[in-house]
Amino acid sequence: MALYDKVMELSKRRGFLWPSFEIYGGTSGFITYGPYGVILKHNIENLWRDFFIYKQENFIEIETPIIMPSAVFEASGHLEHFTDPIIACLKCEKRYRADHLIEELTGVNVEGLSISEMNEIVKEKDLKCPDCKGALGEVELFNLMFKTNIGAYKGDVGYARPEAAQGMFVEFKRIFNIMREKLPLGIAQIGKTLRNEISPRKGVTRLREFTIMEVEVILDPEEINNCPGFEKYKNTSISLLTASLQQKGEPPVNITIEQAVEERLLDNKWLAYFLAVSKSFVKTLGVAEDKIRFREQLPHEKAHYSKQTIDLQVYLDGQGWTEIAGHAYRTDWDLSRHIKFSGVDMRVFKKTEAPLTVKKLVLKPNKATIGPDFQKDAGKIIGELNKMDPVEVKNKLDSQGFIEVAGRRLTSKHIEFEEYEEVVKGKKFIPHVIEPSYGADRLVYTALEHAYTEKEGRVILKLPVKLAPIQVMVYPLVERDGLPEISNQIYMELLEKGFRVEHDVSGSIGRRYARADEIGVPLGVTVDYQTLEDKTVTVRDRDSWSQRRIFISELADILKQFFEEKISFDQIGYPVNKIE
RNA sequence: GCGGCCGUGGUCUAGUCUGGUCUAGGACGUUGGCCUUCCAAGCCAACUACCCGAGUUCAAAUCCCGGCGGCCGCACCA
């Protein structure tokens with residue numbers, strides 16, 4: 001059995017995750033997390049919060065709706081770019097992008113044309129399938145966003161978000177204010193996202209509903225290379241597959257992020273910084289360094305908003321290098337679009353170091369002359385004049401002696417200018433955005449696959465201590481002579497003290513150890529006959545199967561240190577034979 | 001969406017070609033009991049399955065058709 005199949009078999013059998021709706025035959029692209037899967041996923045999310053929110057300066061987390069009104073996606077560009085017009089050959093059933101096909105076959109620029117207009121061109125020019133010369137069907141729109149109605153009125157169209165990011169952009173103004181108007185500001189979100197994938201496959205790697213973990217780092221484009229964390233990570237070496245290396249068919253290079261920025265392989269230091277943070281995070285999930293690499297998206301692959309995108313890929317059995325995160329430089333695309341579409345000014349004010357004095361020109365329509373001269377048109381003319389740039393108007397008047405406004409000729413007697421000095425204390429700008437974006441479900445699978453090991457025909461899930469769904473399993477050696485009563489007391493105590501702990505009394509002790517190994521429980525605590533004599537128990541290590549003894553009274557404190565990774569297993573209690 | 005292969009208890013599978021002793025077998029698992037002094041021990045008992053729907057037939061897990069799902073390839077994947 002392939003590793004992938006083994007991991008999925010274990011996941012189903014022991015309750016990490018499985019395909020949803022199985023009793024109704026299943027629907028691809030949806031998964032259900034079971035008892036251990038839920039905890040594993042939460043642990044991964046929390047570890048991500050540590051790396052990408054809590055250990056970053058001025059980074060915070062929010063939660064926004066999954067359904068958003070269509071206006072948001074009009075502004076974000078998803079309605080336009082997430083929708084592909086598709087046309088299929090009726091004979092060979094090959095599918096094409098309708099716009100690309102029409103442009104290719106006719107040379108006509110179809111940008112902005114409606115579906116019916118494209119259909120007309122296909123009919124008029126009698127276009128055929130370039131492959132088999134068969135007749136073509138109707139142009140259809142395929143949008144990867146799930147569409148729905150908000151409320152009872154058909155006109156209120158909403159879409160399920162295909163990324164969490166728009167929630168952060170839409171709320172930027174208020175959050176920026178709450179965070180006392182400091183940049184850089186990191187706004188993070190973990191939440192469900194939906195994409196109506198055409199053919200989801202490969203278990204969890206392409207889902208229709210999945211959890212995304214994103215941070216939008218909002219910063220001043222002039223400060224994009226002023227990244228405080230960069231210094232600490234600048235010597236972090238990464239395996240980087242640039243776009244040009246891919247085009248030449250060459251393998252990735254190993255390079256420090258500092259060099260990569262210097263050689264302009266990475267656009268800026270903030271982007272580079274997150275690559276290093278990401279690498280460190282993914283290693284913490286138990287992925288070996290040689291199974292992590294960074295791949296730059298090729299120009300045609302990049303999203304409509306991206307200046308540069310670097311994917312983080314991990315090596316997975318059966319499907320090779322798989323994208324689990326993207327790092328995109330979204331520039332000011334999103335904020336400027338939302339400013340334009342909503343009419344709300346979300347620009348940020350920045351003080352200049354020393355106030356500047358600039359000369360300003362103000363245009364004043366002379367109503368006393370415009371009124372009599374243009375009568376009915378006067379109001380319109382004045383309105384238009386007020387929208388015009390005073391400097392430009394003055395230049396035109398000076399050079400040609402008149403200016404045309406609303407189809408009428410105005411001369412210098414109609415317009416007065418006033419010049420005054422203004423003290424400029426700063427300027428307004430649209431911030432830029434750097435975005436690390438993770439797929440949580442792929443991380444769960446990645447952690448499972450990289451933890452999966454076999455030993456003597458048994459499965460051991462060597463999950464990092466921080467990820468293990470259950471931390472401690474408590475056992476009586478045998479189910480009699482008062483041992484279960486003592487183990488139950490220990491179990492209750494550990495439960496009370498906040499450990500994720502289970503108590504297993506059924507079956508032989510070996511069988512119970514095996515069960516615990518399968519779900520990756522790092523430590524086992526066994527009450528045996530020696531416990532009755534000296535109040536010690538054994539502690540068993542999942543990975544080495546070795547044991548140490550410890551007094552029950554010290555157990556909780558020592559385990560706490562172990563799970564905080566302050567001590568290793570060998571520092572727990574005493575060697576088995578040292579206590580007499 | 002197309003093509004190929006496939007779908008049997010919680011898991012892995014025998015059986016399907018060649019319809020009928022299949023009232024569906026095995027292994028693992030789980031539960032209860034007995035036993036048990038450290039790595040899936042043993043014994044007893046219990047539990048749970050032919051993906052869904054139509055069809056052919058005296059008779060369908062088995063043959064045919066459709067649907068759903070899985071794997072592989074193509075297409076798709078800002």
Side-chain angles (χ1 to χ4, degrees), chain A residues 1-2 4-6 8-15 18-30 34 73 76-84 86 88-89 91-97 131 137 140 142-145 162-163 165 195-203 205-208 297-306 309 318-319 322-323 326 328 330 333 437 455-460 475-481 483 505-518 524-533 537-542 544-547 549 576:
Chain A
M1 216 194 284
Y4 170 82
D5 295 315
K6 287 179 177 179
M8 288 312 290
E9 187 271 323
L10 179 73
S11 295
K12 274 164 96 167
R13 188 163 51 78
R14 295 310 308 272
W18 58 84
S20 301
F21 322 124
E22 280 182 312
I23 67 161
Y24 289 110
T27 301
S28 60
F30 299 91
F73 296 113
S76 72
H78 284 88
L79 267 178
E80 185 185 341
H81 296 276
F82 226 57
T83 308
D84 292 339
I86 294 220
C89 169
K91 192 174 154 202
C92 71
E93 290 183 331
K94 197 164 176 175
R95 293 169 68 139
Y96 303 91
R97 274 283 293 271
D131 207 40
E140 285 171 28
F142 188 82
N143 195 315
L144 258 49
M145 285 195 291
E163 59 169 13
R195 294 181 190 182
N196 203 0
E197 295 285 354
I198 297 170
S199 61
R201 213 184 277 176
K202 304 243 183 200
T205 57
R206 260 174 82 197
L207 295 171
R208 289 187 166 121
Q297 285 188 7
L298 299 170
H300 70 271
E301 294 176 308
K302 279 188 304 182
H304 56 271
Y305 49 70
S306 172
T309 298
Q319 51 186 309
T322 305
E323 177 197 336
R330 298 181 76 127
W333 164 269
S437 169
K455 180 172 171 180
E456 296 172 22
R458 287 163 42 170
V459 174
I460 306 175
Y475 319 91
L477 184 63
V478 292
E479 206 177 347
R480 63 175 199 205
D481 299 330
L483 302 188
V505 297
S506 84
S508 72
I509 190 69
R511 174 186 299 260
R512 285 176 278 155
Y513 288 155
R515 273 200 287 250
D517 286 344
E518 274 193 342
V525 170
T526 308
V527 172
D528 56 20
Y529 286 93
Q530 195 178 328
T531 310
L532 299 175
E533 294 164 20
V537 289
T538 67
V539 178
R540 171 186 179 272
D541 176 45
R542 174 194 68 198
S544 64
W545 295 359
S546 57
Q547 297 189 327
R549 283 202 87 84
V576 171

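Chain letters run A, B, ... following the sequence lines, proteins first, then strands; residues in each count from 1.
- Taking only distance into account, the side chain of A/Glu518 meets the base of B/A40 through a donor-acceptor pair shorter than 3.5 Å.
- In this structure, A/Asp5 and A/Lys12 both approach RNA chain B, and ranking their closest nucleotides by distance from the 5' end singles out A/Lys12.
- The nucleotide B/G10 finds its pairing partner in B/C28, both defining distances of the Watson-Crick or G-U wobble pair being shorter than 3.5 Å.
- With hydrogens and angles ignored, a donor-acceptor pair closer than 3.5 Å exists between the side chain of A/Tyr513 and the base of B/C38.
- Using a 4.0 Å heavy-atom distance criterion, A/Arg515 is classed as a sugar-phosphate-only contact.
- Look at A/Arg480 and you'll find a side-chain N or O under 4.0 angstrom from OP1 or OP2 of B/U36.
- Across all strands shown, B/U48 has no partner, as no Watson-Crick or G-U wobble contact with both distances under 3.5 Å is found.
- Within the shown strands, B/G4 is the pairing partner of B/C71 under the Watson-Crick or G-U definition, both distances less than 3.5 Å.
- At a threshold of 4.0 angstrom between heavy atoms, the contacts of A/Glu22 with the nucleic acid are absent.
- With a cut-off of 3.5 Å on both Watson-Crick or G-U wobble distances, the partner of B/U57 is given as none.
- Distance from the side chain of A/Leu144 is smallest for B/C77 among the nucleotides B/C77, B/C38, B/A40.
- Toward the 5' end of RNA chain B, the nearer of the two residues A/Ala303 and A/Pro19, judged by each one's closest nucleotide, is A/Pro19.
- Side chains of A/Tyr513 and A/Thr526: a donor-acceptor N/O pair is present below 3.5 angstrom, by distance only.
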